[in-house]
Colleague: 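Below: one structure in structure tokens.
Count residues from 1 along the sequence. Computed over heavy atoms, backbone and side chain alike; hydrogens, waters and symmetry mates excluded. The model shown is predicted, which means the values in this text are computed figures rather than measured ones. First listed ligand is number 1; within each ligand, the first listed atom is number 1.
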Amino acid sequence: MAEQLRLMAVHAHPDDESSKGAAATAKYAADGVDVLVVTCTGGERGSVLNPKLDRPEVWENIATIRRAEMDRAREILGVRQDWLGFVDSGYPEGDPLPPLPEGCFGLMDPDEAAAPLVRLIRSFKPHVITTYDEEGGYPHPDHVMTHKISMVAFDAAGDASRYPEAGEPWQPQKLYYNMGWSRKRMMALHEAMLEATGESPYTEWIKEWDDRRDVTDRVTTRVPCGEFFEIRDDALRAHATQVDPDGFWFAVPLPIQQKVWPTEDYELVKSLVETRQPEDDLFTGVR
Ligand SMILES: [Zn+2]
């Protein structure tokens with residue numbers, strides 16, 4: 001009998017698991033892989049981004065509502081999910097930037113904040129972990145801290161001398177960064193939209209594009225999962241306070257996405273197994 005494969009996807013807030021690598025996790029879950037989404041914070045400082053839900057009673061109960069939204073998204077994706085229990089830092093805006101709120105995730109010492117993740121890795125025993133790149137994918141302090149604790153935990157989980165209180169050592173085999181927003185992908189979708197409809201939701205974005213931030217050349221692994229894009233979108237819509245169902249995220253029709261870019265993309269950053277790039281499977285070399 002083949003060994004049960006396990007995938008851990010580490011995310012900062014409830015809703016990130018539904019916008020970054022969501023279709024790939026749904027696909028792996030459907031294929032029988034045990035998938036655990038880890039959510040570092042409760043999303044307590046998220047804004048209400050859906051105009052239809054921008055009401056005082058929603059703002060007052062945002063933490064509870066976001067937990068219920070997460071439950072629904074988890075069911076839609078067919079994955080398991082666990083919380084690390086850290087407090088959302090909020091997204092600082094202004095010039096100068098305001099200080100982060102006391103006690104928030106973004107201000108933690110990464111070695112300390114990695115402890116519950118090490119514990120979860122040692123109990124769940126993932127073969128593969130996905131997380132964000134060193135800039136967090138986008139510069140939210142919680143995303144950057146998610147990156148930091150993932151790196152600490154990947155290296156420490158297999159080392160019995162570190163975090164001795166956190167259970168028996170387990171060494172994951174591969175670590176990936178989510179690489180969803182390469183310029184190449186954006187341009188492909190942009191051009192397909194122009195051709196199909198004469199307009200594109202990415203026009204402004206592309207005009208302001210900064211090439212230094214392009215991750216196109218970093219992609220090592222493209223996981224085919226176009227048939228799960230609809231599930232991904234359903235899961236994202238389950239985070240009803242966080243996404244406008246008529247907004248940007250859903251602006252490109254699924255058939256265009258499935259034709260032009262039917263994969264979710266990753267950068268392989270650490271591997272303890274032999275693999276050849278480019279890959280089309282996060283478990284290449286592990287299976
Ligand atoms: Zn987030």
Colleague: Decide, yes or no, whether a salt bridge links R222 with D280 under the criterion of side-chain N to carboxylate O below 4.0 Å.
Modeller: no

Colleague: Do NZ/NE/NH1/NH2 and the carboxylate oxygens of E227 and R232 come within less than 4.0 Å?
Modeller: no

Colleague: Could you tell me which residues satisfy side chain to side chain contact (heavy atoms under 4.5 Å, CB included) with D71, sequence neighbours excluded, listed by chain and number?
Modeller: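 Scan of D71 (side chain to side chain contact (heavy atoms under 4.5 Å, CB included), adjacent residues dropped) gives R74.
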
Colleague: Between W83 and R67, is there a cation-pi geometry (under 6.0 Å to ring centre, at most 45° from the normal)?
Modeller: yes

Colleague: Let me see the working for M179 and R218 under side-chain contact (heavy atoms from CB on, under 4.5 Å), right down to the final yes or no.
Modeller: CA-CA 8 Å; M179 287 284 148; R218 294 173 60 174; 3.6 Å; yes

Colleague: So what's near the Zn ion (ligand 1), protein N, O or S atoms under 2.8 Å?
Modeller: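 Under 2.8 Å from the Zn ion (ligand 1) - ignoring waters, which are not counted - the protein N, O or S atoms are H13 ND1, D16 OD1, D16 OD2, H143 NE2.
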
Colleague: Between R185 and W181, is NZ or CZ placed under 6.0 angstrom from the six-membered ring centre and within 45° of the ring axis?
Modeller: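 Yes, a cation-pi geometry holds between R185 and W181.
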
